[in-house]
Every structure is written in C-alpha cells, then in structure tokens.
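Numbering of ligands and ligand atoms starts at 1, following listing order. Residue indices begin at 1 and follow the sequence shown. What you see below is based on every heavy atom in this structure, not just the backbone, and it leaves out hydrogens, waters and symmetry mates.
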Amino acid sequence: MRKMIIAGNWKMNKDIKETFEFLLPLKNNLIGQNLSVEVVVCPPFTSLFVAFEILKETGIKLGAQNMFYEVEGAFTGEISPKMLKSVKCEYVILGHSERRRYFGETDEFVNRKVKRAIEFDLKPIVCVGETLEERERGDTFKVLEKQVRGVLDGLTYDEMSKVVIAYEPVWAIGTGRNATPEQAQEAQKFIRELVAGLFNRDVALNLTIQYGGSVTPENAYSLLSQPDVDGALVGGASLKVDSFLKIIKAGETALIEKRN
Ligand code: PEP
C-alpha cells in the first residue's frame, strides 16, 4: 500500500532559533500519536543538523530541499548526497519549480540528481508541474509527460520504488490559488498512468504522488481525499506549527477513509 506523505518545504526560511521554536512544539504535538501518514520537514541546509538532533527517535523524517549529484570535490556552494546522509536526511526535494526557474535546472540535470540520491539511499521528492501559460494553452499533459519522462529516465523498477513525485502546478505555488481537487486528481491520475506505461502497474500503484501549491488547513482535506493524491508538499502553510499540524491531521483523516 502506498504511503501518504505530508512534507513541509521551508524554502529559505528559519534560522537556528526559529528551527527550535518550530520543531519543539511540533514534536511535542506529534509524539505518541502513532500516525499513519509520514511527516517530513525540509529545513534549509543550515538547520539540518539541529533538526536531526531534535527529531531523532520521533518518527518525523528529515528532508533537504536540494543537492548536487557529485559526491565531493570542487563545487563551491554545493551540498552532496553523502553530506545529507550524514545528518540523517531520508528525503530530498529535487527539481522544485523555484530551482528550475531561478537556477536553470533542467529535467536532464534533475534526472542525474535523482539517480545519485537513490544511490545514496535518499528518497527523492521529484517536482513536476505546468506554468499558467502552459495550462491555458492546453499543454498541461504534454508538459507533465515531458517532465516525468525526463526526470525518471533510465531508472530501474527497483529505483522507482524509492521515488516520490510532487505534482506542483507552478501557478499554484505561493500564490494562494490552489488547484481544485478535480484539477489535482486529473493531473495526478495522468502521471500515475504515465508511470504505469513507462514502468509497470505495480510501480505506479505503489508510487506516492503528492500535490503541492497553496495547500492550507482549509483546502487540505478536499485535496488529500482524492484517490490519486497521496500527500502534500507544503510551502507557506508549513512554516507555522498550527497550520502544519492541521494539514497533517487532514491527511490522516483522508488516509484512514481511503483505507476503509
Ligand atoms: C512549495 O514550496 O512546494 C509550495 C507548494 O509552496 P506553497 O505551499 O507556499 O504554495
């Protein structure tokens, strides 16, 4: 059975003090709750070690927001999969639209990172999604197909079992305008069918596909109860303990209903 994963992408937010101020109450709220959903927080690199210290033995998982595909060497400013493993990251977000837009990352570049992450036993959360212009042109599926094929190129079935896909329509990220549950379901069903064709039905059925883009406590349940929406990648609403907890709760409710 595939996992429901609620992940918080802090982006370039929270210093060490703010990391403590967020994670201590989060941990206190979730401890002993025996959740079925997987909760992941993705702080900036500078907070990963502190986050690891706070979160160990809590069941709350740690993710990074990016990494380079080389293991070590003269790559000023980059972080390697080996370094992420040393602070016990389990996940790494790759190909976020902000990386694609501001740092020129391509599907081919993201694909190299995906392969390297898996080699180091990190689970990549690979982001895909269309821009508003592409959606309005009627090109959503075409764009998603190109991105999904590109970022997953050359993966084995076994490697694919480590991958999480986040469908993040670019027009919904940080805009307060979320995709409707129907739009998310339509796109994510398309992605799952595409993966079934590229790999096989089992791989597709076990694949966690998150939705990301202006997820809030108010819209989380309706999105997460869609059959092909297996979690959320949350930006803005993951920065406050209260709203992140409500989204986790919405995921837990949706997951229990799906399993019944
Ligand atoms: C994101 O950062 O992946 C994201 C979806 O951001 P937001 O929830 O703020 O739209």
Side-chain angles (χ1 to χ4, degrees), residues 4-14 18-19 22 26 37-45 47-48 51 61-67 89 91-103 105 107 110 113-114 117 123-132 134-135 140 143-144 147-148 151 163-181 183-185 187-188 191 208-224 226 228-251 254:
M4 162 99 62
I5 303 172
I6 308 292
N9 173 14
W10 295 3
K11 312 194 185 193
M12 200 172 71
N13 293 291
K14 297 196 192 295
E18 292 161 333
T19 299
F22 179 92
L26 182 78
V37 296
E38 179 122 306
V39 178
V40 183
V41 288
C42 303
F45 293 134
S47 285
L48 284 174
K61 310 289 187 196
L62 197 55
Q65 298 173 21
N66 184 29
M67 56 158 240
C89 278
Y91 289 88
V92 58
I93 300 171
L94 296 176
H96 190 282
S97 68
E98 287 151 17
R99 300 289 324 164
R100 293 172 183 264
R101 182 165 162 212
Y102 301 123
F103 303 98
E105 294 198 9
D107 293 329
V110 175
K113 295 184 179 196
V114 170
K123 295 175 194 134
I125 299 178
V126 194
C127 304
V128 295
E130 80 287 358
T131 62
L132 186 58
E134 288 161 345
R135 176 164 280 267
T140 298
V143 170
L144 290 178
Q147 291 179 341
V148 169
V151 296
V163 170
V164 174
I165 292 182
Y167 168 60
E168 297 211 304
V170 178
W171 48 271
I173 298 177
T175 58
R177 178 184 168 194
N178 61 286
T180 63
Q183 285 171 324
Q185 168 57 25
Q188 299 194 194
I191 292 170
T208 295
I209 308 178
Q210 298 176 302
Y211 167 78
S214 297
V215 174
T216 63
E218 291 71 36
N219 62 28
Y221 173 77
S222 60
L223 287 158
L224 292 165
Q226 297 299 311
D228 286 291
V229 179
D230 314 311
L233 183 54
V234 189
S238 77
L239 295 174
K240 294 242 160 37
V241 179
D242 184 51
S243 55
F244 192 48
L245 280 170
K246 284 182 179 151
I247 294 169
I248 293 167
K249 208 154 185 204

Proximity flag Ala237 to ligand 1, non-hydrogen atoms under 4.0 Å: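 It does not; every heavy atom stays at 4.0 Å or beyond.
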Sub-4.0 Å heavy-atom approach of Ser238 to ligand 1: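 False for this residue.
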Point-to-point distance, once rounded to the nearest 0.5 Å, from [atom1] of [X] to [atom2] of [Y]:
X	Y	atom1	atom2	answer
Ile247	Thr216	CD1	OG1	6.5 Å
Ile248	Met4	CD1	CE	12.0 Å
Ile6	Leu245	CD1	CG	11.5 Å

Which atoms of ligand 1 have any heavy atom of [X] under 4.0 Å away?
X	value
Ala172	10 (O)
Gly174	7 (P), 9 (O), 10 (O)
Gly213	5 (C), 10 (O)

Can you find an N or O of [X] that's nearer than 3.5 Å to an N or O of ligand 1?
X	result
Gly212	no
Asn9	yes
Gly236	yes

For Gln188 against Asp228, the heavy-atom pair lying closest together: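 Distance-wise, the nearest heavy atoms are NE2-O, 2.9 Å.
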Heavy-atom pair of closest approach, residues Ala179 and Ala172: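 Closest heavy-atom pair between Ala179 and Ala172: N-CB, 4.1 Å.
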Distance from atom 3 (O) of ligand 1 to nearest protein heavy atom, with residue and atom: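 Protein heavy atom at minimum distance: Glu168 OE2, 2.6 Å.
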Identity and separation of the nearest protein heavy atom to atom 8 (O) of ligand 1: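 Going by distance alone, atom 8 (O) of ligand 1 is nearest to Gly235 N, 2.8 Å.
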Heavy atoms from other residues, nucleotides or ligands near NZ of Lys249 exceed 12 (cutoff 6.0 Å):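 Open: at most 12 neighbouring heavy atoms sit under 6.0 Å from NZ of Lys249.
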Of the listed options His96, Gln65, Lys11, closest to atom 6 (O) of ligand 1 (non-hydrogen atoms):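 Ranked by closest heavy atom to atom 6 (O) of ligand 1, first place is Lys11.
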Side chain to side chain, Pro43 and Leu48, heavy atoms closer than 4.5 Å: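 Pro43 reaches Leu48 side chain to side chain.
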Any side-chain heavy-atom pair of Glu18 and Trp10 under 4.5 Å: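 The answer is no; the side chains never approach within 4.5 Å.
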